[in-house]
Amino acid sequence: MKELEEKIKEYGTVLPGNVLKVDAFLNHQVDPQLMLHIGQEFAKLFANEGITKIWTVESSGIAPAVMTGLEMNLPVIFARKHKSLTLNQNMYTADVYSYTKKTTNRISISKKYVDANDKILMIDDFLANGQAVEGLLEIADQAGVQVAGAGIVIEKSFQPGAGELKERGIRVESLARIQSLSDNKVEFVKD
Ligand code: 5GP
C-alpha cells in the first residue's frame with residue numbers, strides 16, 4: 001500500500017533490535033485518514049469470506065481493526081492483556097511472549113462475545129515472530145471458531161512469523177512488507 005509505505009519512509013525510525021518505531025501515525029499518535037484507508041484495504045482483501053467478527057490485541061491493533069470493522073460492518077473484539085490473570089471460566093485465554101518488550105502477557109477474550117458459528121479476521125499492527133497472532137489462533141481453536149486469515153499493517157518479512165503462519169495454511173495479507181531494517185534503513189520487499 002503506497003500511502004503506508006510513504007508514511008513509513010517519512011516518519012518511521014529504526015531502533016536497536018530491529019524495531020521500527022511508527023508512533024507518529026500508528027501506535028501512539030494515530031493518523032485517522034490512513035487508518036480509514038487501511039480499513040478499506042483489508043475490507044477489500046477479505047470481502048466475500050463470510051467473516052462475522054474482527055479480532056485484535058490491545059492496544060496497537062485497535063485503530064486498524066476498528067476501521068476494518070467499520071468498513072465491513074462487523075463488530076471488533078480486542079483481546080485484553082494482563083500481566084497475570086487468575087483463570088476465569090468465562091474467558092478464553094492464551095499466553096503471548098513479546099520479543100519487543102521481553103515479557104509474557106496473558107491475553108483473554110470473553111466467551112460472551114464469541115459465537116460457535118463465528119468466522120474471524122485477525123488484524124494487528126505488526127507481524128514479527130508471530131506470537132500475537134498465534135495467541136489469537138489458540139483462542140480461536142479453544143472457541144472452535146473458523147479463521148479467515150490475518151490482516152497485518154506492517155510485516156517484518158525477515159522475521160519468521162509470516163512464513164510460519166503461511167506454512168500452517170493461514171492466509172496472511174500485509175499492507176507493507178519490510179525486507180530489512182539493517183543500517184537504520186527501511187527496505188521494503190520488492191514484489
Ligand atoms: P509478534 O508477536 O509477531 O512477534 O509481534 C507482534 C507485536 O509486537 C505487535 O503487536 C507489536 O505490538 C509488536 N512489534 C513487533 N515488532 C515491532 C516493531 O518493529 N515495532 C513496533 N512498534 N512494534 C513491534
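Just so you know, ligand 1 is whichever comes first in the structure, and atom 1 is the first atom listed for that ligand.
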Counting N and O atoms only, with roles assigned by atom type, does the side chain of H28 sit under 3.5 Å from a partner on the main chain of A24, one being a donor and the other an acceptor? no
Roughly how far, to the nearest 0.5 Å, is the CD atom of Q131 from the CG atom of N105? 12.0 Å
So CD of E41 and CZ of F46: to nearest 0.5 Å the spacing works out to 11.0 Å
Mutual orientation of the aromatic rings belonging to Y99 and Y97 [parallel < 30°, tilted 30-60°, perpendicular > 60°]: perpendicular
Does S174 reach the main-chain N or O of A176 with its side chain, forming a donor-acceptor pair under 3.5 Å? no
First-shell residues of ligand 1 [heavy atom, distance under 4.0 Å]: N18, V19, L20, N27, T100, D124, D125, F126, L127, A128, N129, G130, Q131, A132, K156
Would a distance-only check, ignoring hydrogens and angles, find a side-chain to backbone donor-acceptor pair under 3.5 Å from K156 to R177? no
